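Note: hydrogens, waters and symmetry copies are ignored here, and every other heavy atom, side chains too, is used. Indexing begins at 1, ligand by ligand and atom by atom, following the structure's order. What you see is a predicted model; the values in this text were computed from it and never measured.
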Amino acid sequence: MEILRTVDSVRQWVRAQREAGRAVHFVPTMGYFHEGHLSLMRRAQHDNGAVIVSIFVNPLQFGAGEDYNRYPRDFERDRQMAQSVGVEAIFYPDVAEMYPAGYQTEVRVKELSKPLCGRSRPGHFEGVATVVLKLFNIVTPDRAYFGMKDYQQLRVIQQLVRDMNLPIEIVPCPIVREPDGLAMSSRNVYLTPEERTAATVLYRSLQWAQAQVESGERDASQLREGVFQRIAAEPLARIDYVEVVDAETLQPVERIDRPTLIALAVFFGKARLIDNCIVAPAAGY
Ligand code: AMP
């Protein structure tokens with residue numbers, strides 16, 4: 001497996017893959033891998049391409065007072081895990097390689113960046129869109145894999161690809177969870193054992209909402225309220241938001257009559273966790 005530290009070395013590696021007639025499949029990450037990341041890499045491998053992963057904790061997408069400095073990092077562990085699932089190259093640039101002195105450009109996907117996490121993390125999705133566009137221009141992948149865990153990020157990237165006419169297929173991948181339902185996240189390491197147990201309320205609440213929709217509930221405010229109250233009943237939880245929005249536009253809905261996203265962000269101690277599910281009225285209702 002190749003460890004590539006520079007833009008030029010990535011371009012060379014990609015050229016060699018293309019000359020060998022291979023498609024390039026790309027998984028952008030911030031590292032500190034777990035099964036969620038590995039599921040994207042396995043999928044990229046399964047789809048028959050040369051798999052390249054990037055590991056870059058992108059300072060541009062962290063706000064002042066957020067966890068950029070303490071974000072967990074362990075390159076050697078990541079390298080071994082990526083190798084074990086057949087990744088062929090890791091792009092592991094430093095900040096100066098991505099944002100050299102004099103860097104000034106930012107990219108903004110206007111509407112999709114505003115609601116949900118965009119409201120509590122101003123500038124976050126501009127940071128995401130900017131780094132992903134740079135990574136796409138460096139790697140020029142045929143396909144790129146994104147987890148539905150970060151659903152708003154996925155929508156922002158889909159819109160970016162469409163608006164900027166990028167010849168890249170975005171492949172959404174399902175959320176990977178711990179056996180007790182907690183969505184896997186590099187940030188779960190911030191949780192104390194008590195917070196870790198308490199955090200299972202998130203998935204239980206989403207499952208409750210899903211069951212409500214399955215038994216015919218169509219009122220979005222009932223669902224929102226039900227999820228909110230279930231989480232609020234957990235003393236270690238501090239809710240940032242719980243929202244019920246159109247799965248495409250991310251704008252609030254009143255009724256569940258098309259695919260709808262139930263999205264939440266909740267603090268447990270130092271960790272801000274996000275989770276979501278998509279609900280839709282079953283055919284026949
Ligand atoms: P990150 O390193 O947290 O920026 O995540 C890199 C990629 O892995 C993103 O596309 C995430 O959506 C995806 N990802 C993170 N956690 C999960 C998970 N639990 N299940 C599926 N994908 C995930």
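- Every ring-ring contact (aromatic ring centres under 6.0 Å, His included) that Tyr103 has, sequence neighbours left out, goes to Tyr99.
- Under 3.5 Å, the side chains of Gln210 and Glu214 contain no donor-acceptor pair of N or O atoms.
- Backbone and side-chain nitrogen or oxygen atoms of Thr29 are examined, and none is located within less than 3.5 angstrom of a nitrogen or oxygen of ligand 1.
- Checked against a 3.5 angstrom limit, the closest N/O atoms of Ile175 and ligand 1 fall outside it.
- Protein heavy atom at the shortest distance from atom 22 (N) of ligand 1 is Gly147 CA, 3.5 Å.
- Taking 4.5 Å as the limit, every side-chain heavy atom of Val109 sits out of range of all side-chain heavy atoms of Val128.
- The shortest N or O to N or O distance between Asp150 and ligand 1 is below 3.5 Å.
- Checking Arg187, His37, Lys149, Gln61 against atom 2 (O) of ligand 1, the nearest heavy atom belongs to His37.
- Counted by atom type alone, Thr200 and Asp180 present zero donor-acceptor pairs between their side chains at under 3.5 Å.
- The hydrophobic side chain of Phe267 is isolated, with no ILVMFWY side chain under 4.5 Å apart from it.
- Judged purely by atom type and a 3.5 angstrom limit, Asp74 has no side-chain atom pairing as donor or acceptor with the backbone of Tyr32.
- Residue Phe146 approaches ligand 1 through these ligand atoms, each under 4.0 Å from one of its heavy atoms: 10 (O).
- Of all the heavy atoms in Leu4 and Ile52, the pair that sits closest is CD1-CD1, 4.2 Å.
- With a heavy-atom cut-off of 4.0 Å, Pro28 touches ligand 1 through its backbone alone.
- Taking distance alone, with nitrogen or oxygen atoms compared against 3.5 Å, Met184 approaches ligand 1 more closely than that limit.
- For atom 20 (N) of ligand 1, the nearest non-hydrogen atom from the set Leu182, Val128, Val176, Ile55 comes from Val176.
- In terms of N/O distances under 3.5 Å, ligand 1 is not approached by Leu40.
- Looking at Gln158 and Arg155, their side chains do bring a donor and an acceptor atom within 3.5 Å of each other.
- With a heavy-atom cut-off of 4.0 Å, Pro174 touches ligand 1 through its backbone alone.
- Considering both main-chain and side-chain atoms, Met30 comes within under 3.5 Å of ligand 1 through a nitrogen or oxygen pair.
- Side chains of Asp78 and Tyr92: a donor-acceptor N/O pair is absent below 3.5 angstrom, by distance only.
- Using a 4.0 Å heavy-atom cutoff, His34 is listed among the residues neighbouring ligand 1.
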